[in-house]
Amino acid sequence: MKERLVRLREKMSEKGLEALLISHPVNRRYITGFTGTAGMALVTERDAVLVTDFRYVNQVRQQAPHFDVYRHDGDIFQAVADLCRQRGFKSLAFEQDHLTYGEVVKLRKSMGNQETVPVSQVVEPLRAVKDKEEQDVIREAAAIADRAFERILEELRPGRTEREIALSLEIMLREMGADSSSFDMIVASGPRSAFPHGVASDRVMEKGDLVTLDFGAYYRGYCSDITRTVALGSPNDKQREIYEVVREAQQAAVDAIRPGLAGREVDRVARDRIKAHGYAEYFGHGTGHGLGLELHEAPRLSPRGEDILEPGMVVTVEPGIYLPDFGGVRIEDDVIVTENGCEVLTKSPKHLIIIE
Ligand code: GLY
Ligand code: MN
Ligand code: MN
């Protein structure tokens, strides 16, 4: 955690920030180690203070020993302003993407004539490259998802509803070690598999369906995110065709990943393959995204992804084809960018699994 504070201070100095208020819970957790749900961190070149309420004072002392604790009794913005005054800060930067308009109004009122500066992307870029400890946690989160996938295959069959499968999968994730699901899982069967984000419904699955399962484990604060599409009964030619196109595109993108490539270049690899088979218009989302404390974070692997891949970044690779009223296929893996390429964390099979 101390190392993270050093990197944050370097970043603040680059951006010319005297004091930064970190309000976004995952950013605060990343910098301080404090996992509670309430509180904000205030950092300067010399100071590191966590402002929180009675419930968390002892927890902060335990989890964030390199931070001073400053307790507030109900008005956190007033406490932040008092602290700035006491310590003589002239200007306070706040995370513009994470405070509501109402909160900014309150902060500015409390700060009086002390300056407040909206800033963006201060902590987030630091989070993009994962240290060894983070990589180990995400590796385990991915392994938990793999184990749950293997088990859910035993339950997938015609006659079951999507919601039943989602419930079983949720339980299996926890049995395998997850703290919870990393997001509202997607179980989309038959024509619903053409909805890229078809959260589980009451639809009863039928023979002849493609079923897309997109889920992940939330484990020790970190997310995994995997998608597999399976067939219930023997797939028809079109289903087989789109499955193979997605599989080829997904594998090509995974194989292309290495440091130095921009997110959009990885996206291009998958998109070109899908385009070559005539399905470009049916692949309307980005190829992947960074994964960590949040399900979606930097870097983006999309046509507009400018971030350059570096060793230690963790990203998903998840192209898909969605044919309206017919069905869809998506395959998603999580990978760590390494010095020469990438390490694939999700190891579930990628050939078309046919459940008879
Ligand atoms: N279901 C969210 C994602 O795969 O990004
Ligand atoms: Mn996913
Ligand atoms: Mn994803």
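One-based numbering, in listed order, for ligands and for the atoms of each.
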Name the closest protein heavy atom to atom 2 (C) of ligand 1, giving the residue it belongs to and the distance to 0.1 Å.
H197 NE2, 3.6 Å

Quick check on contacts: which atoms of ligand 1 are under 4.0 angstrom from a heavy atom of H289?
3 (C), 5 (O)

Is any NZ, NE, NH1 or NH2 atom of the basic residue among D267 and R300 found under 4.0 Å from an Asp or Glu carboxylate oxygen of the other?
no

Cationic N near anionic O, under 4.0 Å, E306 to R264
yes

Near I186 (heavy-atom distance under 4.0 Å), the atoms of ligand 1 are 1 (N)

Got a sec: is H296 within less than 2.8 Å of the Mn ion (ligand 3) via an N/O/S atom?
no

Looking at atom 1 (N) of ligand 1, what's its closest protein heavy atom, distance included?
D214 OD2, 2.9 Å

Around E133, counting heavy atoms of other residues, nucleotides and ligands shown, do more than 12 lie under 6.0 Å from its CD?
no

Charged N to carboxylate O below 4.0 Å: is that the case for E124 and K11?
no

In D225, what N, O or S atom is nearest to the Mn ion (ligand 3), if we give its atom name?
OD2

For E162, is there an ion pair with R192 - N to carboxylate O distance below 4.0 angstrom?
yes

Closest to the Mn ion (ligand 2), which N/O/S atom of E332 is it?
OE1

Interfacing atoms of ligand 1 (cut-off 4.0 Å, heavy-atom, F183):
1 (N)

Should the pair H24 and H98 be assigned to parallel (<30°), tilted (30 to 60°) or perpendicular (>60°) ring geometry?
parallel

Do me a favour and list the nearest non-hydrogen protein atom to atom 5 (O) of ligand 1 with residue, atom name and distance?
H296 NE2, 2.7 Å

Shortest-distance N, O or S atom of D214 relative to the Mn ion (ligand 2)
OD1

Here the atoms of ligand 1 under 4.0 Å from any heavy atom belonging to E332 are 4 (O)

Measuring to the Mn ion (ligand 2), does E318 have an N/O/S atom at a distance below 2.8 Å?
no

Please work out which of the three classes, parallel, tilted or perpendicular, describes the rings of Y322 and H285, given edges at 30° and 60°.
tilted

Report yes or no: does R127 contribute a side-chain atom to a donor-acceptor pair with the main-chain N or O of G292 at less than 3.5 Å?
no

Nearest protein heavy atom to atom 3 (C) of ligand 1, by residue and atom, and its distance?
D225 OD2, 3.4 Å

For T44, is there any backbone N or O sitting under 3.5 Å from a side-chain donor or acceptor partner on R9?
yes

Quick look: T227 vs ligand 1, heavy-atom contacts under 4.0 Å, and the answer is neither

May I ask whether R330 places a heavy atom under 4.0 Å from ligand 1?
no

